[in-house]
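What follows is a single structure, written as structure tokens, with notes after it.
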Amino acid sequence: GAQPPRYTHVALVVAPDGGRLEKRTGGVTVRELRDAGVPPERVLGELAFGLGLATTNAPTTARAIADACSGRDLAWRREPWPIPGSLVRG
């Protein structure tokens with residue numbers, strides 16, 4: 001008996017201008033962000049904020065996000081989320 005997992009659809013991530021992400025957008029994969037020296041805590045903070053799991057985009061850890069979400073109903077973002085321009089390269 002464990003509870004079966006629950007699933008939800010999350011917001012579509014789009015380019016900073018609201019357009020579709022394309023290969024030429026650049027800098028939007030986790031590998032590219034890591035290679036560019038972006039700290040994992042910054043990426044997690046931006047994603048948590050973009051998904052509606054945090055009230056700010058401040059750098060954070062996966063544990064802190066899990067702890068903050070534990071025991072509460074989550075209101076996932078539904079509308080497309082423009083990835084911050086500061087995370088992508090042109």
Side-chain angles (χ1 to χ4, degrees):
Q3 289 286 340
R6 294 186 314 172
Y7 298 92
T8 189
H9 290 278
V10 297
L12 175 69
V13 179
V14 295
D17 65 0
R20 188 177 137 212
L21 283 176
E22 300 172 333
K23 288 181 183 178
R24 67 180 169 186
T25 303
V28 295
T29 68
V30 171
R31 177 173 289 146
E32 289 173 314
L33 293 170
R34 182 191 63 214
D35 291 348
V38 178
E41 296 83 4
R42 178 161 177 232
V43 175
L44 287 170
E46 293 286 2
L47 289 173
F49 178 67
L51 290 171
L53 300 177
T55 57
T56 72
N57 65 344
T60 191
T61 64
R63 169 55 56 201
I65 296 166
D67 288 347
C69 293
S70 180
R72 70 176 173 105
D73 289 332
L74 301 178
W76 293 92
R77 177 186 202 103
R78 302 261 184 236
E79 67 277 359
W81 173 61
I83 192 166
S86 62
L87 287 181
V88 299
R89 63 177 165 72

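- Atoms OG and CG, on Ser86 and Asn57 in that order, are 8.0 Å from each other to the nearest 0.5 Å.
- Here the closest non-hydrogen pair linking Glu41 and Thr61 is CG-CG2, 4.3 Å.
- No more than 12 heavy atoms of other residues, nucleotides or ligands sit less than 6.0 Å from atom CZ of Arg31.
- The two atoms that bring Leu47 and Trp81 nearest to each other are CD2-CZ3, 3.9 Å, heavy atoms only.
- In terms of heavy atoms, Gly52 sits closest to Arg77 at N-CB, 4.3 Å.
- Summarising the geometry of Leu87 relative to Leu33, their closest heavy-atom pair is O-CD2, 3.1 Å, with the distance given to 0.1 Å.
- Of the inter-residue distances, the one linking Glu46 atom CD with Thr56 atom OG1 reads 9.5 Å to the nearest 0.5 angstrom.
- In terms of heavy-atom proximity, Gly85 sits nearest to Pro16 at CA-CG, 3.7 Å.
- Smallest separation of non-hydrogen atoms from Val14 and Gly19: CB-O, 3.3 Å.
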Worked verdict on Val43 versus Arg34 for side chain to side chain contact (heavy atoms under 4.5 Å, CB included): CA-CA 9 Å; Val43 175; Arg34 182 191 63 214; over 6 Å; no
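- Rounded to the nearest 0.5 Å, atoms CZ (Arg63) and CG (Leu44) are 12.5 Å apart.
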